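As structure tokens, the structure follows; a few thoughts come after it.
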Number of protein chains: 2
Amino acid sequence: MSITVALDAMGGDHAPDDVVAGGVRAAAELGVRIVLVGRVDEIERVQPAAGSDVELVAAADVIGMDEPPTAVRAKKDSSVARCAQLVRDGAADAMVSAGNTGAAMAAAVLRMGRTRGVARPAVAVPVPVPGHHPQILVDAGATVDCTPEWLVQFARMGREYARTRLGVDAPTVGLLSNGEEAGKGDELRKAAHDLLAAEVPGFVGNVEGRDFMRPGVDVIVTDGFTGNVALKTIEGTIRAVASLVLRVLESTPEARDAGKIVLPLLLEAAQELEPDNTGGALLLGVRGVCVISHGSSGETAIVNAVRCAMEAVEGDVVARVEEAARRAG
Amino acid sequence: MSITVALDAMGGDHAPDDVVAGGVRAAAELGVRIVLVGRVDEIERVQPAAGSDVELVAAADVIGMDEPPTAVRAKKDSSVARCAQLVRDGAADAMVSAGNTGAAMAAAVLRMGRTRGVARPAVAVPVPVPGHHPQILVDAGATVDCTPEWLVQFARMGREYARTRLGVDAPTVGLLSNGEEAGKGDELRKAAHDLLAAEVPGFVGNVEGRDFMRPGVDVIVTDGFTGNVALKTIEGTIRAVASLVLRVLESTPEARDAGKIVLPLLLEAAQELEPDNTGGALLLGVRGVCVISHGSSGETAIVNAVRCAMEAVEGDVVARVEEAARRAG
């Protein structure tokens, strides 16, 4: 029986058009069933005839990108809340939303419930490592104020997820800090370091910002504030360096000629750095699969987010994370 | 009268050889007087004859890279403490150290004293922006646990420094957070946002990790933990993307040919991203000029750190920062 993914058709800067198109493509390419959730008239304008692999479920409300997460409570019939409901009710195996991140997390927590033994959810994001499997960054933005104990829970969840996602049997785990030595860090990190060392297998100690994007540690643990800053710093830096390279390839007639050979190769290699390809942020710590795609998601990003959801379902990540939390508790 | 810079000849991975060589070059190229501070026999092995622009001051102790900052108290005659002493006594206008960062900060705070109205010191680092003046990141690692009030002090100091360093009359200031909206951030950021809005001219609100390395905001304020993670994340990402580009230029015979034209241009452009060129981290909030260079500093990095110190002296940064703190207090 194929996997069913509830897709928030109204969520994201390019919704519903690109989101619906991405969902239709995901159904065709990945062999999953897609349930498009949202305003039926707007979805049907994009995709007139739903088939056996693409269904529609009506939701009258939409939560805008700038609304607070509490909008999930106020708007009972929002597309993102309906998606979470479908997962809770077993009508879908997973949900995907490119809409308001806070609202998607709130919907998942409220409707699916939290994993037993996990106090707060965390977002796990793969960070590309050229020529190597990605690193899992956790938390990339779900829980901005953390206790040391919550960082330990994030580490356990991230490690369990890395086993499925990266196919690594015994992933290594590092604590993001401002120096490698054990005594480095703010108060949160110093307390978390000793707990992690005592409780999390594979813990290798502190890692630094320069340990991103190079082989070494498989899972990088931090609070949602620092994780979000680091992830967006990586994005900004990649963009700045790429612009510089493009500027050089336009700088002289000889460079332009050389660029004709080099540029296609560079663009192909750059696919390795493209979040749309490695991408798909999985919300850990909730009792169902919830994948959050970035707000600017186009068709391809949606297909890849659905793939991420599919793999999490196939890998039974939710049960495995719950089991890891139970063993620890 | 020329400016005198006390250089910690024993500090850094390549001390004393490259540090001394860098100091001698700085004296010749920049027209400053250099006081090499450290073990006389080791310095004289590298630089047998000191001239009128390069002098020696003996210091018997060395603080290793892995020692705690408190080593400054235990080792009374360390090279880094002597440097700070020379500045306090007026025998030097500034100090430069590529050694143990914590020890350099402790030496500066203990010997020079803190700026009135500033509770904690902060490190200000220029982050390169291709084709544009750099951004000032403050704090890049001095004070890892912060209060909202300290972030306001960092913002005032960073803004004052940016005026001299960037030559911008009215620098804009952003608070590094996990989203642009005013309500985004952890508890520290939420409290700091409102204080900054009320008290710091040029405050433009929250900025994100992706605002690094692009024109927009002149000063980015954060705590020393997050700032250090962000700075090292930028370094790591630049290195990863650069490796990918080099790999592509080696990937086929045609790419190698094209690389012969493109690579020299890329390496030249990459100078813009090189911390050794934009570099030099200035410790703000102490009553003297203290520049911290990275541990792996070679000759060129030392020359540039001395230049940074010289410009801070010429720009009267210490007095201007003190004046800005006084006006605010």
Side-chain angles (χ1 to χ4, degrees), chain A residues 66 68 128-131 141 144-145 176-179 181 183 185-187 189 208-214 222-245 247-249 251-252 254-255 257-262 265-266 268-270 272-273, chain B residues 66 68 128-131 141 144-145 176-179 181 183-187 189 208-214 222-226 228-245 247-249 251-252 254-255 257-262 265-266 268-270 272-273:
Chain A
D66 295 331
V129 180
V144 292
D145 286 293
L176 186 59
S177 193
N178 61 324
E181 305 83 3
D186 55 6
E187 294 304 321
R189 260 37 76 155
E208 299 182 287
R210 59 172 74 104
D211 291 303
F212 282 115
M213 304 189 73
R214 73 174 175 198
T222 190
D223 64 277
F225 180 83
T226 309
N228 190 274
V229 166
L231 189 66
K232 289 176 179 165
T233 298
I234 291 170
E235 287 174 24
T237 306
I238 291 175
R239 195 204 47 233
V241 179
S243 305
L244 192 73
V245 171
R247 204 183 70 196
V248 165
L249 295 180
S251 60
T252 69
E254 293 76 19
D257 283 344
K260 282 173 196 152
I261 293 156
V262 168
L265 298 171
L266 283 172
E268 195 194 319
E272 274 202 73
L273 304 179
Chain B
D66 294 331
V129 180
V144 293
D145 286 293
L176 187 59
S177 193
N178 62 324
E181 306 83 6
K184 282 284 186 174
D186 55 7
E187 294 305 321
R189 260 37 76 155
E208 299 182 288
R210 60 171 74 104
D211 291 303
F212 281 115
M213 304 188 73
R214 74 174 173 197
T222 190
D223 63 276
F225 180 82
T226 309
N228 190 273
V229 166
L231 189 66
K232 289 175 180 166
T233 299
I234 291 170
E235 287 174 25
T237 306
I238 290 175
R239 195 203 48 233
V241 178
S243 305
L244 193 72
V245 171
R247 205 183 70 197
V248 166
L249 295 180
S251 61
T252 69
E254 294 76 21
D257 284 343
K260 283 173 195 150
I261 293 156
V262 167
L265 298 171
L266 283 172
E268 195 194 320
E272 274 202 73
L273 304 179

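A quick note: this is a predicted structure, and the numbers were derived from the prediction, not measured.
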Exercise. Please round to the nearest 0.5 Å and tell me the distance separating atom CZ of B:R239 and atom CZ of A:R214.
Key: 4.5 Å

Quiz item: With only heavy atoms counted, which part of B:L265 is less than 4.5 Å from chain A, the side chain, the backbone, both or neither?
Solution: both

Quiz item: For B:S243, is it the side chain, the backbone, both or neither that has a heavy atom under 4.5 Å from a heavy atom of chain A?
Solution: neither

Quiz prompt | Selection from B:S177, B:G183, B:A230 maximising heavy-atom pairs under 4.5 Å formed with chain A | solution = B:S177

Self-check item: Minimum-distance pair of heavy atoms, taken over all atoms of B:P130 and A:A240
Solution: CG-O, 4.3 Å

Self-check item: Nearest-0.5 Å distance, OG1 of residue A:T237 to CG of residue B:L273
Solution: 9.5 Å

Self-check item: Considering all heavy atoms, the nearest A:V248-B:A269 contact
Solution: CG2-CB, 3.4 Å

Exercise. Name the member of A:G236, A:G131, A:P68 that forms the most heavy-atom pairs with chain B at distances under 4.5 Å.
Key: A:G236

Quiz item: What part of B:L249 lies closer than 4.5 angstrom to a heavy atom of chain A: side chain, backbone, both or neither?
Solution: side chain

Exercise. Select, from B:K260, B:E254, B:E208, B:E268, the one with the greatest count of heavy-atom pairs under 4.5 Å involving chain A.
Key: B:E208

Practice problem: Check A:V144 against B:G185 and note the closest heavy-atom contact, atom names and distance. | Solution: CG2-O, 3.7 Å

Quiz prompt | Closest-packed option against chain B by number of heavy-atom pairs under 4.5 Å, given A:I234, A:T233, A:V241 | solution = A:T233

Quiz item: Of all of B:I238, B:D257, B:V129, which one pairs up most often with chain A through heavy atoms under 4.5 Å apart?
Solution: B:I238

Quiz item: If you round to the nearest 0.5 Å, how far is CZ of B:F225 from CG of A:D223?
Solution: 7.0 Å

Quiz item: Relative to chain B, which of A:V262, A:T226, A:L244 shows the most heavy atom pairs under 4.5 Å?
Solution: A:L244

Practice problem: Keeping the roles fixed (side chain from B:D145, backbone from A:E187), state whether a donor-acceptor pair exists under 3.5 Å. | Solution: yes

Quiz item: Are the charged groups of A:E272 and B:R247 less than 4.0 angstrom apart, N to O?
Solution: yes

Quiz prompt | From OG1 (B:T252) to CD1 (A:I261), nearest 0.5 Å | solution = 8.0 Å

Quiz prompt | Portion of B:E181 that has a non-hydrogen atom of chain A nearer than 4.5 angstrom | solution = side chain

Quiz item: Under a 4.5 Å heavy-atom cut-off, does chain B meet the side chain of A:L176, its backbone, both or neither?
Solution: both

Practice problem: To the nearest 0.5 Å, tell me how far A:K232 NZ sits from B:N178 CG. | Solution: 6.0 Å

Exercise. Nearest 0.5 Å please: distance from the CG atom of B:N228 over to the CZ atom of A:R210.
Key: 8.0 Å

Quiz item: Under a 4.5 Å heavy-atom cut-off, does chain A meet the side chain of B:D66, its backbone, both or neither?
Solution: side chain

